[in-house]
Enquirer: 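Take this structure, written in structure tokens, and hold onto it; I'll ask about it next.
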Amino acid sequence: MSDLSIDNTHDQHAVRMAKLDELRAAGRDPFRASFAVSHLSGDARKLYVDGQDNAVNVSVAGRIVVIRDMGKSQFVKLFDQQSGSEAGPIQIYVKKDVVGDEAYASFKKLDLGDIIGAEGTLFKTKTGEITVRVDRFVLLAKALRPLPEKWHGLSDPEQVYRQRYLDLIVNRESRERLLLRSRIVSHIRRFLEARQFIEVETPVLQNVAGGAAARPFTTHHNALGMDFFLRISLELYLKRLLVGGIDRVFEIGRNFRNEGISRRHNPEFTMLEVYQAYSDFRGMMELVKALLQSLCADVLGTSKIRHAASGLEIDFSGDWREVPYKQLIRETTGDADWFERTKDQKIAGAEALDLKVDPKWEEFEITNEIFSKKIEPTLIQPTFVTHLPKELCPLAKLNHEDPGVLDVFELIIGGMEIAPAYSEQNDPIEQRRMFEAQAGEEKQNIDHDFILALEHGMPPAGGMGIGIDRLCILLSGAESIRDVIYFPQLRTQSAAGAP
RNA sequence: GGGUCGAUAGCUCAACGGUAGAGCAGCGUCCUUUUAAGUCGUUGGUUCUGGGUUCGAAUCCCAGUCGACCCA
């Protein structure tokens with residue numbers, strides 16, 4: 001039957017193609033359309049009643065990730081969605097005298113990586129592992145390529161990102177980290193919905209890429225004969241919905257920025273933005289604190305996490321530090337009159353802190369360089385930095401006592417910006433003025449249609465954004481944004497391993 | 001964009017100027033409660049690509065591709 005040539009036994013793809021031909025020649029379909037699964041692996045295991053072997057029938061399916069061939073019986077482990085837990089893949093036990101000679105012979109031809117379905121009864125092995133004693137099994141999908149090594153897994157970072165499916169199968173930490181992201185996002189939705197927030201979707205293709213200062217991607221719509229930008233922010237459309245009377249609104253969506261790729265930056269990334277009419281940045285403080293504390297409690301099961309970069313413990317419980325931006329700058333520069341200094345004096349001050357500053361920068365950019373390089377990385381515990389200079393964001397309300405600063409905060413945790421929040425600007429005249437006053441790297445594109453919406457009246461509101469990727473880096477202890485995105489952006493390459 | 005480091009069997013890694021090896025996987029055998037199962041045997045390489053140096057290059061040099069890290 002087998003026409004494997006001796007020369008080919010090292011070529012695992014060729015060996016498996018030959019097995020495939022054999023199956024087809026024998027009239028078996030190696031790629032089935034469906035299988036009746038009674039339980040996912042973890043749920044199946046829970047059905048076992050202690051001391052009552054072979055009393056409960058289950059039907060499970062998954063990928064073969066372990067084969068222990070004992071001659072006339074085999075222990076095999078099947079990997080499915082629930083295999084990420086402590087218990088790992090579910091074990092099945094196939095005995096020749098249970099399934100019969102013919103079925104057993106075909107079972108022996110299965111390979112690591114094949115996907116099968118199995119029906120049988122639950123029992124506990126000598127060593128105490130709940131296992132399915134198989135009465136019947138069926139090959140559901142033949143794997144023509146081998147799995148990575150069973151003990152060391154897959155460690156080549158390039159292959160981990162390009163063939164994430166392999167990483168997910170063999171590297172438990174990767175799988176748990178990425179599944180944690182799903183639980184985080186799910187929790188955020190439930191938290192906000194419980195507070196009467198409504199989830200919406202707004203355009204990704206935009207005429208004006210507004211709401212932030214960043215280089216957008218451009219694309220082209222053929223039928224309209226016009227160029228579009230991919231959005232860089234969710235903000236301006238969600239505020240239009242505030243005008244439209246959707247008072248508590250949020251979106252979790254992908255933004256695109258045509259900028260560098262690094263451990264902290266992927267060209268497409270996910271933002272949560274939340275707007276609450278009749279609230280303000282103080283209300284957002286309460287909201288984001290409650291959100292993160294409930295995330296810790298319900299998803300992580302702890303209020304303390306280890307900060308991957310510094311090794312320090314971050315404590316989310318209790319009250320969080322609140323400190324004005326200007327105070328931090330004055331403390332760090334040791335200059336109580338920093339904001340009264342001339343530009344040359346600020347340049348000298350920044351250089352005294354070992355910072356390189358471009359003389360072409362605006363004064364607020366020099367000051368902000370001190371903030372982002374010398375202050376932000378040191379803020380490990382959750383810290384609300386409040387009242388940023390007005391030049392840093394045109395979309396927030398100016399503070400009443402000090403019109404040089406904004407009624408905003410930036411929540412810093414683990415040295416990373418996690419959540420900015422504003423008392424949102426709803427004065428259309430002032431909004432236009434602030435857009436036009438923007439300079440340097442903070443300059444935004446002006447969306448006149450958005451101003452028109454404001455002219456119809458937007459209720460006072462608090463707004464808040466969270467970078468979901470960064471939040472996941474923080475909460476999962478990941479080192480890189482690539483570790484919390486299934487398919488991070490890489491340079492394209494011809495298909496690896498193609499025949 | 002600049003700098004540093006890396007790419008060897010399907011996977012994880014050796015070999016560091018002198019015959020490219022190991023473990024796992026694969027192939028063939030033994031074994032009906034294994035836990036990285038065990039056992040005996042065995043196949044497997046465009047050493048990322050292209051140049052160069054050398055009697056001889058996986059190894060040294062140059063250029064490129066892809067990736068990681070740091071910086072801008």
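A note on names: the letters A, B, ... follow the listed sequences, proteins ahead of strands, and every chain is numbered from 1.
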Enquirer: State the pairing partner of B/rC5; accept Watson-Crick or G-U wobble contacts with both distances under 3.5 Å, and report none otherwise.
Expert: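 Because both required distances fall under 3.5 Å, B/rC5 counts as paired with B/rG67.
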Enquirer: In whole Å, measure the gap between the P atoms of B/rC61 and B/rG45 for me.
Expert: 29 Å
Enquirer: So what does A/Q74 hit on the nucleic acid, given a heavy-atom distance under 4.0 Å: a base, only sugar-phosphate, or nothing?
Expert: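 Since no nucleic acid heavy atom lies under 4.0 Å of A/Q74, the category is nothing.
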Enquirer: Would you classify A/L147 as touching base, sugar-phosphate or nothing, given that sugar-phosphate means primed atoms plus P, OP1 and OP2, and contacts are heavy atoms under 4.0 Å?
Expert: nothing
Enquirer: Does the cation-pi check pass for A/K326 over A/F339, that is, NZ or CZ under 6.0 Å from the six-membered ring centre and within 45° of its axis?
Expert: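 Yes, a cation-pi geometry.
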Enquirer: Using both distances under 3.5 Å as the test, list the Watson-Crick or G-U wobble partner of B/rG26, or none.
Expert: B/rU42
Enquirer: Between A/V66 and A/P146, which residue's closest nucleotide on RNA chain B lies nearer the 5′ terminus?
Expert: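 Comparing both residues, the 5'-ward one is A/P146.
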Enquirer: Take atom P in B/rU32 and the same atom in B/rG23, then report the distance between them in whole Å.
Expert: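 Between the two P atoms, the distance is 26 Å.
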Enquirer: Under 4.0 angstrom, heavy atoms only, what part of the nucleic acid is A/D156 near: base, sugar-phosphate, or nothing?
Expert: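 Since only primed, P, OP1 and OP2 atoms lie under 4.0 Å of A/D156, the category is sugar-phosphate.
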Enquirer: Should A/E313 and A/K304 count as an ion pair when the cut-off is N to O under 4.0 Å?
Expert: no
Enquirer: Between the side chains of A/D43 and A/R45, is the shortest nitrogen-to-carboxylate-oxygen separation below 4.0 Å, so that they form an ion pair?
Expert: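 Looking at A/D43 together with A/R45, the answer is no, because their closest N to O distance does not fall below 4.0 Å.
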Enquirer: Tell me the partner of B/rC13, counting only Watson-Crick (N1-N3 plus N6-O4 or O6-N4) or G-U wobble (N1-O2 and O6-N3) with both under 3.5 Å; none if nothing fits.
Expert: B/rG21
Enquirer: Taking atom C1' in both B/rC60 and B/rU54, what distance in whole Å separates the two?
Expert: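 Roughly 9 Å separates the two C1' atoms.
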Enquirer: Is A/K126 touching bases, backbone alone, or none of the nucleic acid, heavy atoms closer than 4.0 Å?
Expert: base
Enquirer: By the 4.0 Å heavy-atom rule, please label A/L112 as base, sugar-phosphate, or nothing.
Expert: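 Sugar-phosphate: the residue A/L112, judged by heavy atoms under 4.0 Å, touches backbone atoms but no base.
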Enquirer: Nearest of B/rC11, B/rU34, B/rC27 to any side-chain atom of A/V15?
Expert: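 When the side chain of A/V15 is considered, B/rC27 is the closest of B/rC11, B/rU34, B/rC27.
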Enquirer: Do A/T125 and B/rU35 have a side chain to base donor-acceptor pair shorter than 3.5 Å?
Expert: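 Donor-acceptor pair under 3.5 Å: yes.
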Enquirer: For B/rC30 versus B/rU46, give the span between their P atoms, rounded off to a whole number of Å.
Expert: 33 Å
Enquirer: Which is true for A/R482 with a 4.0 Å heavy-atom rule: it touches a base, it touches only sugar-phosphate, or it touches nothing?
Expert: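 Sugar-phosphate only.
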Enquirer: Return no unless some side-chain N or O of A/S73 is found under 4.0 Å from OP1 or OP2 of B/rU33.
Expert: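 No, because none of the side-chain N or O atoms of A/S73 sits under 4.0 Å from OP1 or OP2 of B/rU33.
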Enquirer: So that I can tick it off, tell me whether A/K109 and A/E22 are bridged by a salt bridge, with the cut-off set at under 4.0 angstrom between side-chain N and carboxylate O.
Expert: yes
Enquirer: Centroid-to-centroid, A/F371 to A/Y325, below 6.0 Å?
Expert: yes
Enquirer: Strictly by Watson-Crick or wobble contacts shorter than 3.5 Å, is anything paired with B/rU34, and which nucleotide is it?
Expert: none
Enquirer: Between B/rA15 and B/rG3, how far is it from one P atom to the other, in whole Å?
Expert: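 Per the computed distance, 28 Å lies between those P atoms.
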Enquirer: At less than 4.0 Å, is any side-chain N or O atom of A/S262 found next to OP1 or OP2 of B/rC69? Yes or no.
Expert: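 Answer no for this pair, as no side-chain N or O of A/S262 is under 4.0 Å from OP1 or OP2.
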Enquirer: By the 4.0 Å heavy-atom rule, please label A/F123 as base, sugar-phosphate, or nothing.
Expert: base
